[in-house]
Amino acid sequence: MSEPPPPPFNTALLSGALAGTTVDLLLFPLDTLKTRLQSPTGFFSSGGFRGIYRGIGSCLVGSAPGAAFFFSTYEHTKSFLSHNFPPLPTSPNQTTTPAYHHMLSASLGEIAACAVRVPTEVVKQRAQAGHHNGSSAQAFRHIIAQYSTIGLPGVWKELYRGWTITIIREVPFTVLQFPLWEGLKSWGRARKQRTGRGLFGDSSSSSTSTEVSAPESALYGSVAGGFAAAVTTPLDVLKTRVMLSTEKQSMFKVMTDILRENGIRPFFAGIGPRVMWISIGGAIFLGSYQWAVNTLSVGGEKKRGKESVL
């Protein structure tokens, strides 16, 4: 059985925007707690359990476009690779998309998303850590107010502080998460074809019978996200420290300072909330994305059916 074709660009764009906004809003408190655990000033000095919705303004601004950029780039790159480097046949009736298709597509998707994600993340994490009275608007205005002293290039660098470490964190994360998610979905589709039913009992008689259901995609997304989150926690700690530092510091200096002062332990600060947050987030993010794709695909098929009758 071959994989279903990637969704159209508009479907990927809208589905990604919906998925990103949903997961970020629902899990924002856990993200705040994780940021405070990784803060160099300490958990309680950064706010503890108080004001766990600080920074939500920047989250609202960045979630939809960041996720939309990711999925539209991801699906478009997958489509390009499948046309120019066709999937490999594993049996007379089955083809398998090489893992590098998913790895490269997800990596390019993350780089595109970071164009939006990094500035909003800088503002959000400073508010979460209690800087600028915990206000996203004040944190953003503080950066913009430096224009008179550091100029436009300086403001740009401040908004994109941590760009390199964010890419270094996100690319390994997504290279682990998305091939695993796609691999589990491929297994689910093959199982559905053999048994006639999905993992949660959904029938294969629907118009999207070649694709897994939203709950099944959510389960696979949770497993893939939790695994990738645990492995990449040290990179996430570095990214948080770079973004929260009072002065611009290189990733290497931050890393050596942590090792010299506290050893290896701080690199796993917040691993519990991070794995919990991303496991739940992976379920919501990839489950809602699958639901939107399946729903929009059914709507598109019905519309084309009516047009063909006319």
TODO: Look at atom CZ of Phe80 and say whether more than 12 heavy atoms of other residues, nucleotides or ligands are closer to it than 6.0 Å.
DONE: no

Open item on the list: Tell me which pairs pass side chain to side chain donor-acceptor pair (under 3.5 Å) where either residue lies in residues 11-32, with sequence neighbours left out.
Closed with: Asp24-Ser63, Asp31-Lys124, Asp31-Gln128, Thr32-Gln128

Open item on the list: Distance check, rounded to the nearest 0.5 Å: Arg189 atom CZ versus Gln193 atom CD?
Closed with: 11.0 Å

Task: Phe173 and Phe227 aromatic centres sub-6.0 Å - done: no

Task: CZ (Phe267) with more than 12 external heavy atoms under 6.0 Å - done: yes

Task: Separation of Leu219 CG from Leu286 CG (nearest 0.5 Å) - done: 11.5 Å

- [ ] Hey, could you give me the CG/OG1 distance between Leu30 and Thr35, rounded to the nearest 0.5 Å?
- [x] 10.5 Å

Open item on the list: Quick test of your reading of the model: are Glu121 and Lys239 salt-bridged, counting only N-O distances below 4.0 Å?
Closed with: yes

Task: Test salt bridge (Lys or Arg N to Asp or Glu O under 4.0 Å) applied to Arg126 and Glu158, step by step - done: CA-CA 12 Å; Arg126 292 181 184 183; Glu158 191 67 16; 2.8 Å; yes

Distance-only donor-acceptor pairs under 3.5 Å for side chains of residues 46-56, two or more places apart:
residue : atom : partner : partner atom : Å
Ser46   : OG   : Ser39   : OG           : 2.9
Ser46   : OG   : Thr41   : OG1          : 3.0
Ser46   : OG   : Gly42   : O            : 2.8

Open item on the list: Aromatic contact between Phe285 and Phe71, with the criterion being ring centroids under 6.0 Å apart: yes or no?
Closed with: yes

Task: Charged N-O contact under 4.0 Å between Glu110 and Arg117 - done: yes

TODO: Verify the cluster assignment for Val242 and Met255: are they in a single hydrophobic cluster under the rule of side-chain heavy atoms below 4.5 Å apart?
DONE: yes

Open item on the list: So Lys185 and Gln290, do their side chains get closer than 4.5 Å, heavy atoms only?
Closed with: yes

- [ ] Please state whether the rings of Tyr74 and Phe70 are parallel, tilted or perpendicular, taking 30° and 60° as the class boundaries.
- [x] parallel

Open item on the list: Please determine whether the number of non-hydrogen atoms from other residues, nucleotides or ligands lying under 6.0 Å from atom CZ of Phe85 exceeds 12.
Closed with: no

Open item on the list: As a test of understanding, state which of Ser217, Ser222, Ser186 forms a side-chain hydrogen bond (donor to acceptor under 3.5 Å, both in side chains) with Trp181.
Closed with: Ser217

TODO: Flag the pair Val293 / Glu211 as yes when at least one side-chain heavy-atom distance between them is below 4.5 Å, and no otherwise.
DONE: no

TODO: Inspect the surroundings of CZ in Phe178 and state if more than 12 heavy atoms from other residues, nucleotides or ligands are less than 6.0 Å away.
DONE: yes

